[in-house]
Peer 1: 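Handing you this structure, nothing more for now.
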Amino acid sequence: MQDTLNLFVMNIGQWLSANLGTLNNPDQIIVEIARWLRTEFGNWGVVGFILANLMATVPLIAVFSGCFALTTWLERKGLGRIQNRYGPNRVGPYGLFQPMADGIKMLLKEDIVPERADKIGHFLAPVIIMIPAMTGLVFLPIGRNIIAASIDSALLFFFAIGSIVSLSVFMAGWASHNKFSLVGGMRAIAQLVSYEMPLILSAVVVVMFVGSMNTSVIVEAQQIKSWVTSDAPALQCLGQVLGWHVFQPWGLMGFLLLFVSALAEANRSPFDLPEADSEIIAGHLTEYSGFKYALFFLAEYVNTFAIIGICTTLFLGGWNGPNIRPPWSDDPQALLIPGFVWFFLKIFVLMGIMIWIRGTLPRLRIDQLMGFAWKFLLPLAIINLLVAGCFYHMEWYFGWPFSILILCKSYAIVVRLNKSKLVNSNRTYTYA
Amino acid sequence: MNTSTGYAPRNYKIVKHKDKTLLEVAMGPHHPSTHGVFRMDVKLDGETIIDLIPYFGYLHRNHEKLAEDMTYFSTMPYTDRLDYLCSMTNNWAYALTVEKLANISVPERAEYIRVIIGELTRLVNHMLLVGFYINDLGAIGTPLLYALREREKILDLFEWASGARMMCNYLRFGGIREDVSDEWLASCNKLVDAFPYFLDEYDQLLTGNEIVISRSQGVGVLSKELAINAGITGPMLRASGVNYDLRKTDSYSIYDRFNFRVPLGQFGDCYDRFMLRLLEMRESITILKQALRDIPKGEIQSKVPPVLKPKPGEAYGRIESPKGELGFYLVSDGSVNPYRYRVRPPSLINLTLLRDLCIGHKLADTIIIFGSIDIVLGEVDR
Amino acid sequence: MNGQGILKGMLVTAKNFFGSYVSRERLTTVSYPEGGNTIKEQSRNIPFLVFDGEDPVAGMRCTACQKCEKACPPQCIFIEKDKDERGKALQRPKVFDIDASVCMGCQICVEVCPFESIWMDSNFELSTFNRFEGLQFNREKLLKSNTYFHKIHPQQAQASDDRLAEKERKRLEREAARRAEKSASEPQV
Amino acid sequence: MIITFCILSVFIIIGAVSTIRLHNIVYAVFSLMLLFSAIAGIFLLLMAEFVAVAQILIYLGAVGVLILFAVMLTHSVTGSSGKNIYSNGWGWGLLLSLSILFATLLPAIYFSDFPSDPAVEIIEPSVKKLGMEMMHSCVPAMWLIAILLTAALIGGIVIAAPPQKR
């Protein structure tokens with residue numbers, strides 16, 4: 001074992017000296033190291049095979065759990081500041097060690113399982129909720145060819161995996177044998193199943209335009225090729241940004257629909273009925289404590305990251321961002337700033353918006369939630385599909401006004417249809 | 001003896017209701033949004049409420065029996081604990097009743113300070129109600145903390161005047177305990193001028209909010225006749241459109257000197273009750289402005305014998321507390337202690353209608369209807 | 001339902017979010033141990049006994065008249081009169097206990113006390129590990145000097161000193177008047 | 001490759017047996033889910049991504065949740081009835097089923113001609129080609145299914161909707 005190790009170290013030194021000289025595309029450093037490691041593991045046999053697979057997945061889980069810790073801190077700080085108070089500022093500078101403190105607290109807390117709960121279901125629920133959360137991350141193109149698995153039907157796989165969440169939430173609700181969690185479980189299934197329809201339909205628009213469900217192809221399609229390959233750096237920057245789908249009329253509507261149903265899929269603010277703390281204490285999480293609760297929490301946040309990641313890849317141009325081709329490099333596709341910087345920036349911006357929404361909006365009732373999905377989001381998604389189809393075949397000077405007109409009109413019609421008689425009759429208050 | 005037989009036997013009864021099976025849930029004393037210790041046994045068909053039985057009495061402290069063997073004066077601090085959110089209006093009602101019983105006159109300056117304190121307490125109470133109501137709706141704390149931020153300023157004024165933030169024990173028979181300095185009046189003026197900005201911010205945040213509208217309009221509708229028959233008083237009654245405000249009808253103490261308006265609702269549902277509190281806050285500000293403008297100098301407490309022995313008789317004094325008509329009924333037999341001491345709690349009487357308002361609505365609506373009735377368990381259980 | 005209300009609401013929270021970094025008025029929380037605490041001059045918590053001069057027991061104003069014991073609503077004050085060696089009752093309490101866990105700080109004892117001897121303290125850090133020894137305040141724990149009284153409640157202390165001085169002056173006048181009247185009646189005899 | 005295949009097939013057997021044997025219906029549904037996901041795994045091994053995705057989406061996401069809904073709404077869920085699975089003639093039943101299995105399976109294997117070395121050319125399974133195929137050759141079938149599904153959906157809603165009081 002000793003000689004393979006120093007052989008390994010010697011190779012590293014050799015490789016570094018060879019490559020650092022040219023550095024013709026700076027954002028590919030990680031990809032170069034990964035490719036080189038994979039060739040190195042190749043000749044290690046079975047151990048190498050396992051290590052190569054781990055290399056693809058372990059950094060993913062580590063990075064997104066780190067993002068989870070950062071978002072809990074961001075959320076508590078953001079909500080604090082919205083409510084005119086400091087966020088956590090005792091543990092570490094500006095409270096940065098607060099997620100660690102929470103983690104340790106969760107580890108040390110006693111894990112109470114109610115006496116009448118059926119143990120197997122109670123134990124399995126957090127395990128099963130981790131599977132869709134983590135596998136959802138596999139299809140996110142974090143940087144230029146930094147992706148765990150770029151398979152052909154990536155998007156479809158993502159939505160298929162997403163539907164398992166409702167199963168585990170119901171198992172948690174059912175297994176803890178508590179009336180509030182039973183109600184929470186039922187609400188969760190109803191909500192998750194009925195919000196998958198708008199989610200998938202608003203994502204289909206992008207597949208229709210790009211022609212493939214492979215996420216890295218979708219992200220590539222969001223660059224204006226002619227501008228990016230031109231020489232002027234300004235044009236390169238604009239090429240990377242203006243190509244995003246969100247700047248198309250159908251893209252903007254699709255993005256809004258996708259973001260709203262993502263809020264519902266991830267049980268975030270206006271739709272957090274499964275664990276509505278003012279009505280049914282903590283919904284399906286009532287009987288969980290200690291590390292199982294932390295697992296549920298981690299899975300929920302990682303699930304939110306996965307769905308926000310899909311939002312950015314589909315509409316906000318995944319790792320595309322205003323960066324230019326480094327002048328010293330000859331490779332036309334090289335980029336100065338690595339792609340994952342933009343990807344994580346967009347994720348945290350969307351997360352910030354979710355925190356902002358959580359700080360402001362109250363909760364919907366269960367029947368309004370259903371009504372909102374089936375009578376508001378779904379028709380708009382279908383109309384958006386129709387408009388995108390026409391937009392695809394029209395010239396741009398016909399397409400833009402047509403789609404903008406149709407989308408706004410349909411939004412107004414659907415709003416009027418949903419306005420019930422008694423509700424929002426604007427109230428007059430007589431003064432005696 | 002371990003009764004569980006491996007499978008999980010049900011511990012709740014499944015009640016046959018025609019053909020559907022009902023889930024009986026105890027929204028028990030240990031529930032996050034019952035504003036204190038209060039239990040509702042709810043029969044659920046899916047999410048809609050079939051039957052609701054309220055249980056209260058968890059916070060019963062035997063207040064009325066206790067008062068029968070204490071002197072009139074030493075019961076005063078206990079009235080703070082009745083409706084612990086607005087302690088000074090309880091003192092005022094009790095002091096009013098004893099003054100009626102022993103016909104003690106109250107000097108001018110004391111009357112003005114009592115009105116200022118009463119209206120400040122009304123602001124505090126309505127702010128808390130609106131904050132907790134939106135918190136029950138689901139906005140995690142943001143409107144509540146804005147309300148608490150404003151409430152802090154008023155509690156600082158109370159602490160400056162009486163020495164304590166919530167349990168002030170500030171009013172005495174025939175006036176108030178300590179005079180209020182001029183700086184206090186100046187800072188009170190500053191607060192009253194700055195308050196409408198907070199209310200406008202609140203309006204912009206909440207009243208137009210679609211989710212608040214769709215969740216609270218048409219929920220828990222209280223008709224005029226039912227409200228009058230059930231003896232409902234206060235903002236809940238006015239939300240149904242009945243024009244009955246003790247400050248206007250009784251015009252006790254010096255309320256006839258201030259001109260202010262009384263807002264009335266139209267439908268009497270949760271949204272009206274919520275909006276009414278916001279509008280009443282604006283009216284309280286107009287009263288405060290007028291009171292602060294023409295408060296006279298002078299002594300603050302009329303001569304009262306240290307150990308009060310009112311001649312035998314009875315008296316019933318009532319005021320418009322932020323929750324409704326708060327009344328005290330005292331019977332004295334000439335001795336130092338009252339023979340009978342009875343409190344008319346507006347929260348309890350408003351609570352009796354909970355079952356009629358909630359039936360047919362969803363589980364989430366009961367929390368909102370309960371929140372909009374504005375209950376403080378200290379007053380309900382006494 | 002067309003979303004304007006929600007957007008307006010979001011603007012308000014955004015204004016508060018950025019406001020909390022800028023204006024003091026939007027960030028009202030005070031971090032307690034480090035930052036200041038907002039004790040007002042009149043704020044009251046648990047009563048204490050005032051003594052003049054140096055020696056606490058000698059300078060005690062309290063004469064054990066037990067008025068406050070009778071008037072206290074939750075009856076949390078316990079007084080025992082002091083006896084000197086020959087068993088004659090002294091105008092001083094040997095035992096003056098206040099059960100701080102029962103006392104609700106209602107200030108009735110201060111109003112009832114005719115000798116300005118019991119006043120309300122504004123010190124609120126009273127937490128102890130033991131409910132019985134820690135919160136049963138005996139006489140030694142309750143006695144505090146008049147200077148301390150002037151430090152925490154300057155106006156009240158000044159007012160009570162004026163009243164005491166006034167009473168002292170009236171007593172001296174009565175004394176002088178009685179002496180004058182006695183001396184006037186003396187010569188005729 | 002072989003190891004994963006063995007693990008998955010073990011899961012399939014466990015899932016299938018426990019679906020039948022378990023008294024508690026809720027556990028039976030969960031083991032059914034295990035079965036479906038193991039089958040999806042095997043499809044993935046065969047590089048048939050689209051079919052694996054369809055398997056997860058349809059069986060695990062929809063059929064599984066549907067059965068859970070059905071289980072939730074039935075009354076005695078914890079299966080306390082505990083009827084005994086073993087009827088006395090189980091030996092003969094097993095023998096009969098095995099004989100039928102071999103009578104049909106063996107001739108099928110014997111007569112069908114496998115290509116000599118199976119993986120001669122790996123057909124490139126791509127979703128695009130499947131899509132094209134679906135849209136071109138079997139469009140009428142697509143339309144038929146679409147109409148059938150909408151009819152079923154509307155029928156479901158009509159049954160579930162509360163009776164409208166005229």
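Just so we're on the same page: letters track the sequence lines, and every chain starts at 1.
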Peer 1: Heavy-atom pairs under 4.5 Å with chain A are the metric here; pick the option from B:Ala26, B:Ala364, B:Gly265, B:Gly371 that has the most.
Peer 2: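 Sorted descending by pairs with chain A, the first entry is B:Ala364.
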
Peer 1: Between B:Arg149 and chain A, which part of the residue has a heavy atom less than 4.5 Å away: side chain, backbone, both or neither?
Peer 2: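 Just its side chain gets close to chain A.
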
Peer 1: Using heavy-atom distances under 4.5 Å, tell me whether B:Ile367 contacts chain A through its side chain, its backbone, both, or neither.
Peer 2: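 Just the side chain, heavy atoms under 4.5 Å.
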
Peer 1: Taking side chain as everything from C-beta outward and backbone as N, CA, C, O, which of these in B:Leu206 sits under 4.5 Å from a heavy atom of chain A? Side chain, backbone, both or neither.
Peer 2: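 Neither part.
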
Peer 1: Quick one: list whatever passes ring pair (Phe, Tyr, Trp, His ring centres under 6.0 Å) with A:Phe180, sequence neighbours left out.
Peer 2: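 A:Phe180 satisfies ring pair (Phe, Tyr, Trp, His ring centres under 6.0 Å) with B:His31 only.
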
Peer 1: Examine B:Lys289 relative to B:Phe258 and say whether NZ or CZ is less than 6.0 Å from the centre of the six-membered ring and inside a 45° cone about the ring axis.
Peer 2: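 Ring-cation test returns no.
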
Peer 1: Let's go through A:Phe271 and A:Val260 carefully: what are the C-alpha distance in whole Å and the side-chain angles of both, what is the deciding distance for side chain to side chain contact (heavy atoms under 4.5 Å, CB included) to 0.1 Å, and is it a yes or a no?
Peer 2: CA-CA 9 Å; A:Phe271 309 100; A:Val260 169; 3.9 Å; yes

Peer 1: With only heavy atoms counted, which part of B:Asn135 is less than 4.5 Å from chain A, the side chain, the backbone, both or neither?
Peer 2: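 When you check distances to chain A, only backbone atoms of B:Asn135 fall under 4.5 Å.
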
Peer 1: Strictly by modelled atom types, are A:Tyr301 and A:Glu75 linked by a side-chain donor-acceptor pair under 3.5 Å?
Peer 2: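 Note: A:Tyr301 and A:Glu75 side chains meet the donor-acceptor criterion.
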
Peer 1: What part of A:Ile366 is in contact with chain B, defined as an atom under 4.5 angstrom from a non-hydrogen atom: side chain, backbone, both or neither?
Peer 2: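 Contact with chain B is through the side chain of A:Ile366 alone.
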
Peer 1: Can you confirm whether the side chains of A:Glu287 and A:His122 place a donor and an acceptor under 3.5 Å from each other?
Peer 2: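 No, A:His122 and A:Glu287 have no side-chain donor paired with an acceptor closer than 3.5 Å.
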
Peer 1: Just by distance, with hydrogens left out, do B:Asn259 and B:Gln290 show a side-chain donor and acceptor under 3.5 Å apart?
Peer 2: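 On atom types as modelled, these side chains qualify, holding a pair under 3.5 Å.
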
Peer 1: Is B:Ile368 in contact with chain A via its backbone, its side chain, both, or neither, using a 4.5 Å heavy-atom distance?
Peer 2: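 Neither part, no heavy atoms under 4.5 Å.
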
Peer 1: Between B:Asp245, B:Val25, B:Leu363, B:Asp272, which shows the greatest number of heavy-atom pairs under 4.5 Å with chain A?
Peer 2: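 Sorted descending by pairs with chain A, the first entry is B:Asp272.
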
